[in-house]
Protein chains: 2
Amino acid sequence: MPEDVPAAPRWRRRKEARPREIVDAALTVFGERGFAATRLEDVAARAGVSKGTLYLYFPNKEELFKAVVREAILPNLDMAERLLAGALGPSFAVLETLLTLFATRILKSRAGAIPKLVIAEAGNFPDLARFYHDEVIRRAFALLAAVLERGMARGEFRPVDVDSTVRLIVAPMLMSALWRSSFEALEDRPLDVRRLVAAHLDALRRTLAPEGGPSS
Amino acid sequence: MPEDVPAAPRWRRRKEARPREIVDAALTVFGERGFAATRLEDVAARAGVSKGTLYLYFPNKEELFKAVVREAILPNLDMAERLLAGALGPSFAVLETLLTLFATRILKSRAGAIPKLVIAEAGNFPDLARFYHDEVIRRAFALLAAVLERGMARGEFRPVDVDSTVRLIVAPMLMSALWRSSFEALEDRPLDVRRLVAAHLDALRRTLAPEGGPSS
DNA sequence: AAAATATTACTGACCAGTCAGTTATTAGTT
DNA sequence: AACTAATAACTGACTGGTCAGTAATATTTT
């Protein structure tokens with residue numbers, strides 16, 4: 001055995017790549033275990049570093065979690081807001097696009113576990129709850145409210161209680177995310193999100209239609 | 001100081017009353033903290049006993065939790081099932097009663113925290129998830145499905161995708177429960193459940209109405 | 001006195017966050 | 001181009017605190 005062949009180094013310096021890899025690993029483990037139950041040792045192992053390295057890039061567990069939300073959720077919200085701002089067609093089409101976007105970009109990705117996470121830990125980690133409330137929920141609600149206002153202003157939707165209706169729109173999406181995280185494994189058939197979204201949009205069409213049938 | 005006056009005993013034997021008191025205390029603490037984060041020491045303190053006493057009545061934390069669900073949720077499900085079995089009037093009225101029942105009996109009581117709890121811990125405590133799924137979710141879904149089938153059979157509802165529609169009915173109720181447990185404290189105004197239920201029922205009326213207007 | 005009920009003190013396992021030390025990389029020197 | 005600091009990146013053992021469950025002991029009731 002030649003002993004002068006330099007073995008591959010035990011580790012490499014990869015200052016640029018680490019944060020992304022750590023956040024990515026954290027999303028997976030947080031999603032599986034929840035915030036409190038996640039061991040940073042596991043996150044580190046999955047990211048291929050040691051626990052100490054985590055603390056070189058993130059001051060503590062909470063900030064790591066915030067970084068996960070920023071990376072996994074906020075870009076989608078940005079996209080949704082741009083979509084509404086540039087919308088020209090009927091408001092219901094905007095709604096349709098938004099729900100479909102949520103179903104594909106959030107529900108089908110690992111980010112779908114985040115709502116469960118936040119709901120679960122809100123009581124014990126109020127800072128996290130406030131962060132998520134301010135950065136995600138408020139914005140998402142405002143976005144949907146704007147779509148409803150637009151539709152009512154253009155005579156496409158009948159006048160509705162905006163706040164309640166926003167919640168009615170969000171609820172099945174949220175519930176789907178929670179379902180997948182918590183109960184799907186207990187059933188023989190997975191939740192058919194496509195079918196649920198179709199039924200939801202059908203219900204919304206009937207709910208929002210002006211009294212005398214669509215005005216268009 | 002007379003020393004022969006028998007002081008009040010430091011504790012009394014109250015074999016019958018303990019379980020209920022412990023379960024009651026557990027409901028409160030589990031609701032505030034979640035399952036994993038709840039310290040049995042706190043439950044004991046709130047029930048006015050010591051930690052050891054808990055273990056005289058419940059073999060472990062999981063069984064204590066199951067007892068909480070049995071006491072706080074199942075009686076309401078029983079009531080709901082009896083209600084449907086004895087229903088004579090229009091199916092929509094049954095739906096209305098069920099949702100109102102949920103809003104008053106679950107949402108407004110401490111039991112409203114249970115859904116959050118189960119969703120939060122399902123991943124880490126699969127036995128709890130299975131228990132809740134089998135004892136609560138399955139039954140609740142079947143109940144609502146039965147109402148829909150009844151309405152369709154009587155020509156009161158248009159034909160709908162039953163599974164999806166059940167989820168659409170449940171979702172806003174569930175979301176309300178989660179909201180109250182997790183985010184209500186962060187907002188200035190509390191969630192107006194009455195208004196939400198009204199909007200939901202209004203939406204459902206439009207969604208379920210047969211095409212040519214109500215047939216009655 | 002014996003049985004039943006309750007308390008108190010303890011054990012063992014767990015984990016976020018810390019830090020002294022190690023290894024890879026870069027810059028400087030010959 | 002080879003050798004040598006100097007520095008940045010990384011590691012992993014350790015600490016301090018927590019808590020479910022258990023064992024030993026005490027009090028109440030019959």
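Not measured: the values here are computed from a predicted model. Every chain is numbered from 1 and lettered A, B, ... according to where its sequence line falls, protein lines coming before strand lines.
- Applying the side chain to side chain contact (heavy atoms under 4.5 Å, CB included) test to A/Ala177 and every residue at least two apart in sequence or in another chain returns A/Leu107, A/Pro115.
- Evaluation of the side chain to side chain contact (heavy atoms under 4.5 Å, CB included) rule for A/Phe183 yields A/Trp179, A/Leu186, B/Val118, B/Ile119, B/Ala129, B/Tyr132, B/His133, B/Ile137 as partners, not counting sequence neighbours.
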Where protein sits on nucleotides 18-25 of chain D, one letter per nucleotide: B base, S sugar-phosphate only, - none, heavy atoms under 4.0 Å: -SBBB---

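- Residue B/Phe58 is out of contact with every strand shown, counting any heavy-atom pair closer than 4.0 Å.
- Between B/Tyr57 and the phosphate of C/dA6, there is a side-chain N or O to OP1/OP2 separation shorter than 4.0 Å.
- Taking atom CG of residue A/Leu56 and atom C1' of nucleotide C/dG21, one finds them 14 Å apart after rounding to whole Å.
- No side-chain N or O of B/Thr38 forms a donor-acceptor pair with one of B/Arg33 less than 3.5 Å apart.
- Under the 4.0 Å criterion applied to side-chain N and carboxylate O atoms, A/Arg167 and A/Asp163 are assigned as salt-bridge partners.
- Atom CG in A/Leu54 sits roughly 16 Å away from atom P in D/dA9 (whole-Å rounding).
- Distances shown here put every side-chain N or O of B/Thr53 at or beyond 4.0 Å from the OP1 or OP2 atom of C/dA6.
- Using modelled atom types and a 3.5 Å distance limit, the side chains of A/Thr53 and A/Arg18 yield no donor-acceptor pair.
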Side chain to side chain contact (heavy atoms under 4.5 Å, CB included) evaluation trace for A/Thr165 with A/Thr207: CA-CA 10 Å; A/Thr165 306; A/Thr207 301; 5.7 Å; no

